[in-house]
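Residue indices begin at 1 and follow the sequence shown.
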Amino acid sequence: MFVKLIKLFIALSLALPPSLGVGGYALAATAPFVPGDALFPIQNFAEQARAQLTLDQTTHTALLLDLAERRMRDLQTRSGSDYELDALIALDAATNDAFNALSKISPDRSASLRSRMATLSVNTLNVMSRLKILPKTNPDLLAKAQNKMRQIGLAALGQSATPPNLSPIAGAPPSSPKGSTPTPTPGTGIDPRAVPFIGADASMHSFFPLNGKHAALDCSSCHTTGTYKGTAKQCESCHANVKPANHYKGDCASCHNAADWKQVKFDHALVSATTNCESCHNNKKPANHFAGACANCHKDTTNWKNVKFDHTLAGATTNCESCHSNKKSVNHYAGACALCHKDTTSWKNVQFNHAAAGATTNCESCHASRKPVNHYAGACAACHKDTTNWKNVKFDHAVAGATTNCESCHSNRKPANHYAGAENGR
């Protein structure tokens, strides 16, 4: 009896305009009831009236967002009960009110409120994804509510040019008494392709995990015909338009991941790629390239430029000119390259062996360009006995058959006022 009197007092105090009464303010502030409770309609009326008493539009919108967030928590509380639908309808109405109020404030003054609305959208979608009754008894209505909430979130962030349809959820039946079975609502004709994927609950799509950039897509991006069952899982079914000509024919997922198409890692062993590199990479072979097997040099399958050429493994001949003729300088020694270029890893590491090359003692036949003006006219070998260094010279006058007339060769070295007699007579 006492409880009934308290309830009557609250109801009467709420009905007294314009102040709402003490009970109304208490209910609006504490919100002890949730959708489905007998006194929830009175509490909801008090909450709305309290928000309407605020004259400042920004504060008014913030209060309505508070109520929408409260209704979202109520939906989470009612999840798994017979009152999921009541809570969803109450949340839908509160969200409509909050978005309508938000749309009346200029974007430059409502950045934080729009961020709250977008966050509310994401969190609500997560709560909706965990409902247990409506997915079975009213899937069309739930799908419509999910799509509407997604559109509200996009509009709040300015990512949608079309305002969301804020009409109440259509065809919502009245609350079902506890213990009874809720009556399913007939389909509303919503296009199933418009239903958004709730990325927070990946188990809902475990047959084809939606991670990376896939998680941010609308279902209609892949389910283009409105049919979910039987949708192809192969990458090419959606991405054929970005596959270049002469692309590798194997499974895309062997190299590409869902985070980004450009993050590619090709594992030759995993895809059983052959050692015949040309079967895939023939467009990367430059003109006049070595004609042997690519794998003889390109052993690092992650980088074409990491090359090591093994002449022995490749069966290369000692006739270097067959491959390297373009690197031979003008007036180069005409003999076999291998006589000097014994190091096959570097052209500059050269050692010339005159004896092995069959070089004559007539140095001028090869080195005429290095003979200075007024050089001794005799045989080079008479002085240049060290074939590894031109500057290591020893002149033997007797061997060279030099005359006793020193001036014939050394006149430019005789200083002024020098003794005028024969130098060898000193």
Enquirer: Between K144 and N165, do the side chains contain a donor N or O and an acceptor N or O under 3.5 Å apart?
Expert: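 No, no side-chain donor-acceptor pair sits under 3.5 Å.
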
Enquirer: Looking only at atom types and distance, does a side-chain atom of E84 sit under 3.5 Å from a main-chain N or O of G80, one as donor and one as acceptor?
Expert: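 Yes, E84 side chain to G80 backbone: donor-acceptor pair under 3.5 Å.
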
Enquirer: Side-chain contact, heavy-atom cut-off 4.5 Å: R70 with N44?
Expert: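 No, side chains not in contact.
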
Enquirer: Less than 4.5 Å apart, any side-chain heavy atom of D74 and any of L91?
Expert: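 D74 vs L91: side chains apart.
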
Enquirer: Where the side chain of T124 meets the backbone of S121, is there a donor-acceptor pair that is under 3.5 Å apart?
Expert: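 Looks like no, no N/O pair under 3.5 Å.
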
Enquirer: Distance-only, no hydrogens or angles: does the Q57 side chain make a donor-acceptor pair with backbone N or O of A101 under 3.5 Å?
Expert: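 Yes, Q57 side chain to A101 backbone: donor-acceptor pair under 3.5 Å.
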
Enquirer: Which pair of non-hydrogen atoms, one from D92 and one from S167, has the smallest distance, and what is that distance?
Expert: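 Between these two residues, the closest heavy atoms are OD2-O, 4.4 Å.
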
Enquirer: With respect to M117, which candidate in L157, T61, L102 satisfies the side chain to side chain contact (heavy atoms under 4.5 Å, CB included) definition?
Expert: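 Answer to the side chain to side chain contact (heavy atoms under 4.5 Å, CB included) test with M117 among L157, T61, L102: L102.
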
Enquirer: Look only at the side chain of N100 and the backbone of N96, and say whether a donor-acceptor pair between them is shorter than 3.5 Å.
Expert: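 Looks like yes, one N/O pair under 3.5 Å.
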
Enquirer: Starting at CZ of R114, measure out to CG of L65 and round the result to the nearest 0.5 Å.
Expert: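 Atom-to-atom, R114:CZ and L65:CG are 11.0 Å apart.
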
Enquirer: How many angstroms lie between atom CG of L75 and atom CZ of R130, to the nearest 0.5 angstrom?
Expert: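 It is 10.0 Å, given to the nearest 0.5 Å.
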
Enquirer: Roughly how far apart are C252 SG and N257 CG, rounded to 0.5 Å?
Expert: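 Interatomic distance, C252 SG to N257 CG, rounded to 0.5 Å: 12.5 Å.
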
Enquirer: Going from CG on D97 to CZ on R71, what distance comes out if it is rounded to the nearest 0.5 angstrom?
Expert: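 Answer rounded to 0.5 Å: 11.0 Å.
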
Enquirer: If you take all heavy atoms of R78 and P35, which pair is closest and at what distance?
Expert: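 Closest approach of R78 to P35, heavy atoms only: NE-O, 2.7 Å.
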
Enquirer: Could you tell me which non-hydrogen atom of S106 sits nearest to which non-hydrogen atom of D108, and how far apart they are?
Expert: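 Looks like OG-OD1, 2.5 Å.
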
Enquirer: Quick one, R73 and E69 - any side-chain contact, counting heavy atoms below 4.5 Å?
Expert: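 A side-chain contact exists here, since the closest heavy-atom pair is under 4.5 Å.
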
Enquirer: On a heavy-atom basis, which atom in A51 and which in L64 lie closest, and how many Å separate them?
Expert: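 A51 and L64 have their closest heavy atoms at CB-CD2, 3.8 Å.
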
Enquirer: L88 and L141: which non-hydrogen atoms are nearest, and at how many Å?
Expert: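 For L88 and L141, the tightest heavy-atom pair comes out as CD2-CD2, 3.6 Å.
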
Enquirer: Side-chain contact test, heavy atoms from C-beta onward, threshold under 4.5 Å: evaluate it for L125 versus Q146 and give yes or no.
Expert: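 Yes - at least one pair of side-chain heavy atoms lies under 4.5 Å apart.
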
Enquirer: Got a second to check how far T95's OG1 is from K148's NZ, nearest 0.5 Å?
Expert: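 Atom-to-atom, T95:OG1 and K148:NZ are 7.5 Å apart.
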
Enquirer: Take Q76 and V34 through the side chain to side chain contact (heavy atoms under 4.5 Å, CB included) test and state the conclusion after the steps.
Expert: CA-CA 11 Å; Q76 188 171 16; V34 295; over 6 Å; no

Enquirer: How close do P135 and L142 get, heavy atom to heavy atom, and via which atoms?
Expert: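 For P135 and L142, the tightest heavy-atom pair comes out as CG-CD2, 3.7 Å.
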
Enquirer: Got a second to check how far S79's OG is from M128's CE, nearest 0.5 Å?
Expert: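 Atom-to-atom, S79:OG and M128:CE are 12.0 Å apart.
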
